[in-house]
Amino acid sequence: IWGALARAKDVLANCVQYIVECIRLCNDAKDRSGELCDVSAEIREHLLNIVTIDKDAVASIKDLSDGDEIRRAIQLATTMDDIVKECVMHILETIQKVCGAIKSMPDVLTEGVEEIEASEGGTTSRAISFAIDDDDDDTPPEDGIDVSPDVEELDGMRGAIEEANIFESVGKSAEGFDGIKAKIGLCGDLIIQSRGFADNCNTTIESFGGAWDLESAQGHIRELFEIVSLGKLIKHFANEIMKLIRANIALMEAVMKKFKDIDFVPDEIEDFID
């Protein structure tokens, strides 16, 4: 029994690096989301200037016609997607290792652990899943999220832009980037929540490495299940964030393509306004 517990401690000590890296990646992704919100707001302002057809419209057309600003926004979103994917990779490593530690324990340590109440002042009051097989078909956690309505909203905006004529496309694109700013803001909020789950995971690992006795043994075993459960929750949030990011990228690409297909001829428009 003590040998199994010692191995579990070693496993968790090894997992700290993955959780710490996950926290760092969440911070990085949150910073990128803030920057992308700012860029989206700038692009939206350019699009609204074009709708007014005044002196500002010429500068905005020139800024948008080369596609650099929209490409910058797409690059930021793509980087966010890559960061979140890397976070998932570290979480999967943690889940796999901790599940292995649980499976290697004598039954006497894990039997009835579901009935043990969380210790007062524990790291979380959320429901804990006691499943230890990492399965992509896992049902979403009770405190999970579903971004399907948000993705559908973005897809609807993309369809409207693709079908819009030259006169409608600028206004539809402005609406699209208004939606992008809002949904990337939502991504930032979800990343903060994921960071909170990772912090809880780190705290639980520290608790597991504390003082042990036979009385507290099963309470500590429960913490192993809590780490797996938190890991699965982070993975779930990350997958939903990636769905949202990719829908935003598809919308931005639709706007960029629409602008490439339109010959604005900025110098002639400037002469016309003069």
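In terms of heavy atoms, Lys172 sits closest to Ala164 at CG-CB, 4.1 Å. Arg7 and Ser104 get closest at one heavy-atom pair: NH2-O, 4.3 Å. The minimum heavy-atom distance linking Ile161 with Ser173 is given by the pair CD1-CA, 3.9 Å. Annotation for Ser40 and Ile180: closest pair OG-CG2, 3.4 Å, computed over non-hydrogen atoms. Taking every heavy atom of both residues into account, Ala174 and Arg44 meet most closely at O-CG, 3.8 Å. Nearest heavy atoms, Val88 versus Ala238: CG2-CB, 3.3 Å.
Glu153 has its side chain within reach of Lys183: a pair of non-hydrogen atoms, C-beta onward, lies under 4.5 Å apart. Met105 is listed as a side-chain neighbour of Leu224, based on a closest heavy-atom distance under 4.5 Å. Side-chain contact check for Leu25 versus His90: some heavy-atom pair is nearer than 4.5 Å. Under the 4.5 Å side-chain criterion, counting only non-hydrogen atoms from C-beta, Ile191 is in contact with Met80. Side-chain contact between Cys22 and Ile234 is present, with at least one heavy-atom pair separated by less than 4.5 Å.
Interatomic distance, Ile192 CD1 to Cys26 SG, rounded to the nearest 0.5 Å: 10.0 Å. A distance of 11.0 Å separates CE in Met242 from SG in Cys187, rounded to the nearest 0.5 Å. Rounded to the nearest 0.5 angstrom, Asp28 CG and Glu86 CD are separated by 9.0 Å. Thr203 contributes atom OG1, which lies 10.0 Å from atom CG of Leu230 (distance to the nearest 0.5 angstrom). Atoms CD1 and CG, on Ile83 and Asn27 in that order, are 10.5 Å from each other to the nearest 0.5 Å. Atoms CD and CD, from Glu253 and Glu162 in turn, are 10.5 Å apart once rounded to the nearest 0.5 Å.
The cluster map of Ile, Leu, Val, Met, Phe, Trp and Tyr, joined by side-chain heavy atoms under 4.5 Å apart, puts Tyr18 and Phe197 in different clusters. Residues Val16 and Ile227 share a single hydrophobic cluster, defined by chaining ILVMFWY side chains whose heavy atoms lie under 4.5 Å apart. Linking ILVMFWY side-chain heavy atoms closer than 4.5 Å, directly or via other members, places Phe225 and Ile91 in a single hydrophobic cluster. No continuous path of hydrophobic side-chain contacts links Val11 to Ile19 [ILVMFWY only; heavy atoms under 4.5 Å]. Under a hydrophobic-cluster definition in which Ile, Leu, Val, Met, Phe, Trp and Tyr are linked whenever side-chain heavy atoms come within less than 4.5 Å, directly or via other members, Val151 and Leu36 are assigned to the same cluster.
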Query raised in the report: Can Met252 and Phe177 be said to form a side-chain contact (heavy atoms from CB on, under 4.5 Å), step by step?
Result: CA-CA 8 Å; Met252 287 187 276; Phe177 269 93; 3.8 Å; yes

- Message: Before you tell me yes or no, could you show the steps for Cys15 and Val98 under side-chain contact (heavy atoms from CB on, under 4.5 Å), namely the whole-Å CA-CA distance, both residues' side-chain angles and the distance that decides it to 0.1 Å?
- Response: CA-CA 8 Å; Cys15 287; Val98 178; 4.1 Å; yes

Exercise for review: Might you work through the side-chain contact (heavy atoms from CB on, under 4.5 Å) test for Asn202 and Glu206, ending with a clear yes or no?
Suggested key: CA-CA 6 Å; Asn202 202 31; Glu206 290 175 0; 4.1 Å; yes

request  = May I have the step-by-step check of side-chain contact (heavy atoms from CB on, under 4.5 Å) for Arg71 and Met256, ending in yes or no?
outcome  = CA-CA 8 Å; Arg71 270 191 290 272; Met256 188 164 69; 3.5 Å; yes

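Of the possible donor and acceptor atoms, none in the side chain of Glu69 sits under 3.5 Å from a partner among the backbone N and O of Ile43. The main-chain N or O of Glu226 is never found under 3.5 Å from a side-chain atom of Ser229 such that the two would form a donor-acceptor pair. Of the possible donor and acceptor atoms, none in the side chain of Lys30 sits under 3.5 Å from a partner among the backbone N and O of Leu190. Of the possible polar contacts, one joining the Asn248 side chain to the Leu244 backbone as a donor-acceptor pair under 3.5 Å is found. Panel note: side chain Gln17, backbone Asn14; a donor-acceptor pair is recorded below 3.5 Å. A side-chain donor-acceptor contact under 3.5 Å links His236 to the backbone of Ile145.
For the residue pair Thr79 and Gln75, a side-chain donor N or O sits within less than 3.5 Å of a side-chain acceptor on the partner.
Every residue two or more places apart in sequence or in another chain was checked for a salt bridge (Lys or Arg N to Asp or Glu O under 4.0 Å) with Glu93, and none qualifies.
Salt bridge annotation for Asp155-Arg158: present, with a cationic side-chain nitrogen under 4.0 angstrom from a carboxylate oxygen. The pair Asp199-Arg195 meets the salt-bridge criterion, since a charged nitrogen lies less than 4.0 angstrom from a carboxylate oxygen. Taking 4.0 Å as the cut-off between side-chain N and carboxylate O, Asp82 and Lys85 count as a salt-bridged pair. Salt-bridge formation is not detected for the pair Glu35/Arg32: no Lys NZ or Arg NE/NH1/NH2 atom is positioned less than 4.0 Å from an Asp or Glu carboxylate oxygen.
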